[in-house]
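Please read all numbers here as calculations on a predicted model, not as lab measurements. Sequence lines set the chain letters: A, B, ... in the order given, protein chains first and strands last, and positions in each chain run from 1.
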Number of protein chains: 2
Amino acid sequence: MVHDPEVPAGHRVVDEGRRTGPGASLEDVARLAGVSASTASRALNNHPQVAAATRERVLTAAAGLDYVVSPDASRLAGGISRTRVAVVVPHLSRWFFGRLLEGLEAGLHEAGGAGVDVLLFLVGDVAGRRAFFEHLPARRRVDAAVVVGFEVDEAERARLELLGVHIVSAGGPREPFPSVTVDDHRAGRQAVDHLVHLGHRRIALLASEDPADRGPDLRSAAYRDALADAGLELDEDLVVRVPFGASGGADGMGRLLGLRRPPTAVFASADEIAAGAMRTLRRAGLRVGGDVSVIGIDDHPIAETLDLTTVAQPVHEQGVVAGRMVRALLGSGPPEPVASRVLPTHLVLRSTTGPPP
Amino acid sequence: MVHDPEVPAGHRVVDEGRRTGPGASLEDVARLAGVSASTASRALNNHPQVAAATRERVLTAAAGLDYVVSPDASRLAGGISRTRVAVVVPHLSRWFFGRLLEGLEAGLHEAGGAGVDVLLFLVGDVAGRRAFFEHLPARRRVDAAVVVGFEVDEAERARLELLGVHIVSAGGPREPFPSVTVDDHRAGRQAVDHLVHLGHRRIALLASEDPADRGPDLRSAAYRDALADAGLELDEDLVVRVPFGASGGADGMGRLLGLRRPPTAVFASADEIAAGAMRTLRRAGLRVGGDVSVIGIDDHPIAETLDLTTVAQPVHEQGVVAGRMVRALLGSGPPEPVASRVLPTHLVLRSTTGPPP
DNA sequence: AGTCTGACCGCAAGCGCTTCCATCCGCTTC
DNA sequence: GAAGCGGATGGAAGCGCTTGCGGTCAGACT
């Protein structure tokens, strides 16, 4: 196939362009060490029944030949080389997901262990999502799966079940898998209650209309509950759904400002939306935190940059914990009981909230 | 091994909770279809020598049993199921990397194809990076690798070579692999030249000191060259290196403002740094774009939010093109010649740059 | 000295597939 | 009508590894 004589030496031309690397075989190692393949295998896998000297010889031979077991053969034969974990995620360019994945990766690789391979599955758009659950490309190739930051419906759950492996959900809804997440309803309450305590009575909601991402919109529900508890009437004009992101927030804020009686405070269901809202407010000549208060959720880096008051959630940690959970389910890692975890969120006071003017 | 009479036929038990899913075997399918395993295999792999009727029967049987080939066995036997691609990336929480990966994923899966599995390798911190190149966990498990957004030194390149597979670099330096990237020097020039054309004479540089990420700091080099070409003297006081990110930019700007003769314009080597700088300027009561101009690079979403003038680079597209390149190298995909590509960048005028006061 | 006991190791049987090669059969060819 | 012929299929040999089982040989016993 690919065959380019121009390639500089050292650039090995991969035969067929597809085999998984060159490599010495177990047999080669065994021969060099003067033992049988079985013994070599046992030595390499640290079985107790090989003499220390022999093991040493095998190890040396392996090192010399730069030997690496074929994971395919190993698995086929029943040996479990490294475990493979599927990570199913809808976005990668959003901070939340990337950050959570970083944590997940850390949690998965923590404390040595045999090693874990992470297979990435992106199910962003509807087509990709449908394709994923329909064809289940992860089938037969992973030992566990982590669903990151989105909700699966009943049909999808059923498909996923077909994988026949443990499934963990991270940064998403609590059901229907063992999960590690935060209480979005509580986070929403923390945000809105803060505004209420400051004395605001006309509080608007700028919520992401992205349906699937995080499941039932607990943050919006919290908004309603908080208002109700505060004895504030819900004004549907103050509830605006926007596409996720800063432009969504900017547009939404524009709509809000067009109201006969604009809000004195805005609860954005995500910092990125809040950022957009702030932009609109600034352009309108309003002082954020003075004329209009704005609060978000997540503690996205942009929140610090904008000095935005927000409710922080431990994103990285959710990933780490989920990673540990996977290892526990897989039998590696600490034998801690595997139970869903809800991590705490907390209010981060900055400059964008204050008493109503 | 496992032999549980209680289990419905065909549903092999998942022993140990670690085997890769349950599943019917080729043999099961063959039996059900009334043919031999060889024929079943041929039918499933679309070999031309099976009678249409037979193929049909096998396909039906397979569908009925919900059969999926064992990728391990298939590869071992020499059949190539799906190709596997390693994606080596230093960060995930930064927009650039996440966005590029989204593109990469798209490019890899474009136009059907047999399917590609993406193995993720995070080499963020030095420890992880060293571990990756030392142990080469991707060995024997991938058919190609993509290095995203960072430079590998000679030793690392040599190690990578051991993978024995095609390697592509995306969003990083042009060497030493076939790559798809942008001309960072040119981008830098576009930014600084813009400031020069506006009439600025005291232009500061706020550069990320993150050493490894993008290789030789072409953007900074461009700054120097642009000044030289404009006949402006380089004032080392105006060159500030900061940790990547908004806080870095904020601090750096603070230092700049402390100068006896502060700059009238700032070139930040990344939008996120520019964002931090803007914050500092605002807090200092300076009008960004009026009193001090700021320009970044990347066209990160935050640039739009902040109305930041910047030099845009096609991040998603770099990923897509790299994905196609990998497919081409692997022999799938369009047989386009595989050559490194440098994608264009362009100035995006917004409100943070203007003539000096 | 003869036998027993382990510790070590090799044999061989697979794991679930793919593929070479031989086989079988219904037809075309002379 | 016999000899070919090619299309369709089954048999069997692996791919590279793990592992149950049994064999060896050096002591440890009595």
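Between A:Asp72 atom CG and D:dT18 atom P there is a gap of 12 Å when expressed in whole angstrom units. Atom CG of B:Leu76 is separated from atom P of C:dC15 by 13 Å (rounded to the nearest Å). Separating the CD atom of A:Glu27 from the C1' atom of C:dA12 is a distance of 13 Å, rounded to the nearest angstrom. One atom, CG of B:Leu26, and another, P of C:dT19, lie 12 Å apart when rounded to the nearest Å.
Closest to the side chain of A:Ser38, from the set D:dC17, C:dC15, D:dT19, is D:dT19. Of the candidate nucleotides D:dT18, D:dG16, C:dG16, D:dG16 has the atom lying nearest to any side-chain atom of A:Ala73. Listed nucleotides: C:dC17, C:dC15, D:dC17. Nearest to the side chain of A:Ser25: D:dC17.
Listed by chain and number, the residues in a salt bridge (charged side-chain N to carboxylate O under 4.0 Å, His left out) with B:Asp66 are A:Arg139 (sequence neighbours excluded). Legend: residues meeting salt bridge (charged side-chain N to carboxylate O under 4.0 Å, His left out) with A:Glu56, ordered by chain and number and at least two apart, are absent. In terms of the side chain to side chain contact (heavy atoms under 4.5 Å, CB included) criterion, residue partners of B:Val69 (sequence neighbours excluded) are, by chain and number, B:Tyr67. Not counting sequence neighbours, the partners of B:Ala30 by the side chain to side chain contact (heavy atoms under 4.5 Å, CB included) test are B:Val35, B:Ala40. Shown here are the side chain to side chain contact (heavy atoms under 4.5 Å, CB included) partners of A:Pro71, two or more places apart in sequence or in another chain: A:Ser81, B:Arg140, B:Arg141. By the side chain to side chain contact (heavy atoms under 4.5 Å, CB included) test, B:Ala145 is found to be paired with B:Ala86, B:Leu163, B:Ile167, residues two or more places apart in sequence or in another chain being considered. Remark: B:Arg31 pairs with B:Asp28 by the salt bridge (charged side-chain N to carboxylate O under 4.0 Å, His left out) rule, at least two apart or across chains.
Heavy atoms of other residues, nucleotides or ligands lying less than 6.0 angstrom from CD of A:Glu27 number 12 at most.
Using a 4.0 Å cut-off between charged side-chain N and carboxylate O, B:Asp72 and A:Arg84 make a salt bridge. The residues A:Arg157 and A:Glu154 are annotated as salt-bridged, a charged nitrogen and a carboxylate oxygen being separated by less than 4.0 angstrom.
Proximity of a side-chain donor or acceptor of B:Glu102 to a complementary backbone N or O of A:Leu92 within less than 3.5 Å is detected.
Taking 4.0 angstrom as the limit, B:Thr39 places a side-chain polar atom (N or O) nearer than this to OP1 or OP2 of D:dG10. Close to C:dG10, at under 4.0 Å from its OP1 or OP2, lies a side-chain N or O of A:Ser36. Remark: A:Arg140 is in phosphate contact with C:dC17, judged by side-chain N or O atoms under 4.0 Å from OP1 or OP2.
Residues B:Val87 and B:Leu119 have side chains not in contact (no heavy-atom distance under 4.5 Å, counting atoms from C-beta outward).
Between A:Phe133 and A:Phe150, the angle of the ring planes goes over 60°, which puts this pair in the perpendicular group of the 30/60° scheme.
Between the two ends of the helix from C:dA1-D:dT30 to C:dC30-D:dG1, each summarised by a five-pair axis, the helix axis turns through 50° (rounded to 10 degrees).
The side-chain hydrogen bond (donor to acceptor under 3.5 Å, both in side chains) analysis of residues 35-47 of chain B, with sequence neighbours excluded, yields the pairs B:Ser36-B:Ser38, B:Ser36-B:Thr39, B:Ser41-B:Asn45.
Within residues 41-48 of chain B, the residues having any heavy atom under 4.0 Å from DNA chain D are, by residue number, B:Arg42. Within residues 49-62 of chain B, no residue places a heavy atom under 4.0 Å from DNA chain C.
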Tabulate protein N/O versus nucleotide N/O from nucleotides 23-27 of chain D, keeping only pairs under 3.5 Å, one per line.
none

